[in-house]
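This report concerns only the one structure given below.
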Amino acid sequence: MGKLLLHPPQRPVDPHRDPAASTRLLTEVMERPLDPGYAAAARRRAQTGRPSTRSARTATVLALLAVGVLLAVAGLRAAAAAPAADRGRTQLTERIEDGTARADDLAARASALQAENARLAASLGGAPVASADAAASGLQVAAAATPVTGPGLTVVLDDAATPDGATGAAASSGRVVDRDVQLVVNGLWASGAEAVAINGQRLGALSSIRAAGEAVLVDYRPLTLPYTVSAVGDPTAMQTAFATSVAGRYLQVLRDNYGIRTQVSTVDALELPAARLDLRFARADAAGQ
């Protein structure tokens with residue numbers, strides 16, 4: 001029996017195929033290893049003037065170096081300015097210490113002069129000296145230049161309780177204003193008060209009670225609620241006179257119509273400090289020239 005030989009099928013040959021095409025492809029690969037797309041991109045970059053990656057890195061390094069130099073210069077300038085600031089602070093401290101020393105010296109001299117005046121007044125003696133001392137004491141109290149202690153009357157003013165969510169006129173109608181405090185103070189003076197203070201600030205003949213926004217100021221110093229007006233004097237006489245005065249009736253209107261909380265009380269012992277007085281002018285006595 002003979003053997004059956006199997007032969008692979010033969011592919012048809014394209015009569016139009018160029019046998020040299022494969023040879024040309026190999027030649028092009030060997031001569032032009034760079035892809036045409038990359039070559040075109042390189043040409044466009046050269047035409048547009050875009051920097052290469054190495055140039056960009058160089059520019060970044062130079063920029064960082066410039067920033068470092070600027071920071072170093074700023075640090076050196078700050079270090080150089082620090083001694084100047086320290087010198088200015090030292091000079092200011094010295095000026096404050098000198099001013100404090102001068103003030104202490106003047107206070108000591110004033111105390112010595114007061115003691116000398118008291119010694120001379122005691123050595124002179126007699127009714128004229130006693131009368132002059134009484135007049136001087138009365139003037140000091142009236143000018144609020146000396147502390148005052150004694151029984152008296154206190155009037156406390158506080159805002160009305162504001163309902164939750166109340167705004168506008170409903171919230172502001174129950175607020176104590178400067179005019180309310182002024183009327184109470186004037187009423188106490190008219191009722192026989194010898195000395196008056198508000199929240200511990202003594203009032204003198206030139207004191208002012210004003211408003212700045214929602215705050216009440218006494219001699220340009222702001223107060224905090226509640227406002228307590230203290231008056232030294234005869235408690236019983238002042239309470240009776242104040243209740244029947246315009247100020248007393250005004251407080252009743254504030255309570256009834258606006259809900260402002262007020263309280264008038266007698267006190268057995270009040271301590272009112274001296275006011276901070278500013279010297280406005282001085283005149284030399286003819287006898288002392």
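Note that this is a predicted model, so its numbers are computed, not measured.
By the side-chain hydrogen bond (donor to acceptor under 3.5 Å, both in side chains) test, E97 pairs with no residue at all, sequence neighbours left out. For the side chain to side chain contact (heavy atoms under 4.5 Å, CB included) test, residues two or more places apart in sequence or in another chain that qualify with R102 are D98. Checked against side chain to side chain contact (heavy atoms under 4.5 Å, CB included), A197 has the following partners two or more places apart in sequence or in another chain: L272. Residues that satisfy the side chain to side chain contact (heavy atoms under 4.5 Å, CB included) test with I96, not counting sequence neighbours, are L92, T100. R210 meets the side-chain hydrogen bond (donor to acceptor under 3.5 Å, both in side chains) test with Y220; sequence neighbours excluded. Every side-chain hydrogen bond (donor to acceptor under 3.5 Å, both in side chains) that S207 has, sequence neighbours left out, goes to D219. Residues that satisfy the side-chain hydrogen bond (donor to acceptor under 3.5 Å, both in side chains) test with Y258, not counting sequence neighbours, are absent from this structure. Contacts of S265 classified as side chain to side chain contact (heavy atoms under 4.5 Å, CB included), with partners at least two apart in sequence or in another chain: T154, Q263.
V156 and V229 fall into different hydrophobic clusters, where Ile, Leu, Val, Met, Phe, Trp and Tyr residues are linked whenever their side-chain heavy atoms come under 4.5 Å apart, directly or through other members.
Residues L188 and A231 come closest through the heavy atom pair CD1-CB, 4.0 Å. Taking both residues in full, the closest heavy atoms of S191 and A241 are given as OG-C, 3.6 Å, listed atom of the first, atom of the second, then distance.
Interatomic distance, S230 OG to R202 CZ, rounded to the nearest 0.5 Å: 11.0 Å. Summarising the geometry, atom CD1 belonging to I198 is positioned 10.0 Å from atom OH belonging to Y227; distances are rounded to the nearest 0.5 Å. Between the CG atom of L203 and the CH2 atom of W189 there is a distance of 6.5 Å, given to the nearest 0.5 Å. Note that CD of E214 and CZ of R175 are 4.0 Å apart. Values are rounded to the nearest 0.5 Å. Interatomic distance, M238 CE to E194 CD, rounded to the nearest 0.5 Å: 8.0 Å.
The list of side chain to side chain donor-acceptor pair (under 3.5 Å) pairs with a residue in residues 244-257, not counting sequence neighbours, reads R179-Y250, D180-Y250, Q252-R255, Q252-D256, R255-T262. Pairs of residues two or more places apart, or lying in two chains, that qualify as salt bridge (Lys or Arg N to Asp or Glu O under 4.0 Å) and include a residue from residues 145-161 are D158-R261.
V246 is not listed as a side-chain neighbour of L183, based on a closest heavy-atom distance of 4.5 Å or more. Between V216 and V176 there is no side-chain heavy-atom pair separated by less than 4.5 Å. Using a 4.5 Å heavy-atom cutoff, the side chains of L251 and V155 are in contact.
Through direct or indirect side-chain contacts shorter than 4.5 Å among Ile, Leu, Val, Met, Phe, Trp and Tyr, L71 is connected to V67. The hydrophobic cluster of L217 has no other members, since no ILVMFWY side-chain heavy atom comes under 4.5 Å of it.
Put simply, the side chain of Q182 gets close to the backbone of I209: a donor and an acceptor are under 3.5 Å apart. Put simply, the side chain of N199 gets close to the backbone of T224: a donor and an acceptor are under 3.5 Å apart.
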